[in-house]
Amino acid sequence: MSELTLLLIRIAFLALLWLFVIAAVGVIRTDLFGPRTAPAPGRSPARQGMALPKLKPKRGQPRQLVVTAGPLQGTVIDLTDSPITIGRASDATLVLNDDYASSRHARLFPQDGQWIVEDLGSTNGTYLERSKVTRPTPVPVGVPIRIGKTVLELRK
């Protein structure tokens, strides 16, 4: 093999190595800080952290998020008009001490009179009943949401 060929192979290998390192850093950043998301339409970033008023749920709407299995079994969160974040991060609404949960694993939010579950790019996935959540999905009352060893349900 000529020296030019060896030099080109070395440069290509070095470029691939750097691409791998950059991808690994991106995955770690996402796990630590969550995915980059744009602010919700009509809301400025300064207003997103403000507490939303507690609204009375309509008849037939879920009122609570209940942990039915896992280390936090029995934990109840009253549903308001604000989203619920779930994960290992200390600023999450429901903090999971679970090796299978990401820092910012999933979120539940109200939209058009129903609750939606969204996976936030977690490593091990979020499951609604037995289906993996790949896009924001409506959550019926009583259907289990599984994140690692923790199982959650919306209840009336």
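Under a 3.5 Å cut-off, the side chain of T137 and the backbone N or O of R135 do form a donor-acceptor pair. No donor-acceptor distance shorter than 3.5 angstrom exists from the side chain of R107 to the backbone of E118, with no hydrogens or angles considered. For T68 (side chain) and V151 (main-chain N/O), a donor-acceptor pair under 3.5 Å exists by modelled atom type.
When hydrophobic residues (I, L, V, M, F, W, Y) are linked wherever their side-chain heavy atoms come within less than 4.5 Å, the members clustered with L8 are L4.
Residues passing the side-chain hydrogen bond (donor to acceptor under 3.5 Å, both in side chains) test with T5, sequence neighbours excluded: S2.
The neighbour count for Y100 OH, taken as heavy atoms of other residues, nucleotides or ligands under 6.0 Å away, does not exceed 12.
Across all their heavy atoms, I116 and P136 have their closest contact at CG2-CB, 3.6 Å. Of all the heavy atoms in A89 and V95, the pair that sits closest is O-CG2, 3.5 Å. Of all heavy-atom pairs between V67 and T150, the closest is CG1-CG2, 3.8 Å. Contact detail for F109 and Q111: the closest heavy-atom pair is CE1-OE1, 3.4 Å. Here the closest non-hydrogen pair linking P138 and Q114 is CB-OE1, 3.6 Å. Closest approach of S82 to W115, counting heavy atoms only: O-CH2, 3.9 Å.
Here CG of L120 is found 9.0 Å from CD1 of I86. Values are rounded to the nearest 0.5 Å. One distance of note links OG1 of T75 with CD1 of I77; it measures 7.5 Å at 0.5 Å rounding. Between the CG atom of D98 and the CD1 atom of I147 there is a distance of 9.5 Å, given to the nearest 0.5 Å. Between L96 atom CG and S102 atom OG the span is 10.5 Å, to the nearest 0.5 Å. How far NZ of K149 is from CG of N124: 11.0 Å, rounded to the nearest 0.5 Å. Going from atom NE2 of H105 over to atom OG1 of T85 covers 12.5 Å, rounded to the nearest 0.5 Å.
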Verify side chain to side chain contact (heavy atoms under 4.5 Å, CB included) between L79 and R63, making sure each step is shown before the conclusion. CA-CA 5 Å; L79 299 177; R63 298 175 188 267; 5.8 Å; no
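None of L152, T93, V117 except one satisfies the side chain to side chain contact (heavy atoms under 4.5 Å, CB included) rule with I84; the exception is T93.
Criterion: ILVMFWY side-chain heavy atoms under 4.5 Å apart, direct or through other members. Under it, L108 and L128 are part of a common hydrophobic cluster. The hydrophobic cluster containing L14 also contains V21, counting ILVMFWY residues as joined when their side-chain heavy atoms lie under 4.5 angstrom apart, directly or transitively. Side-chain heavy atoms closer than 4.5 Å link hydrophobic residues (I, L, V, M, F, W, Y) into clusters, and following such links, possibly through other members, connects V143 to V133.
Salt-bridge check for R104 with D91: passed, with a basic side-chain N closer than 4.0 Å to an acidic carboxylate O.
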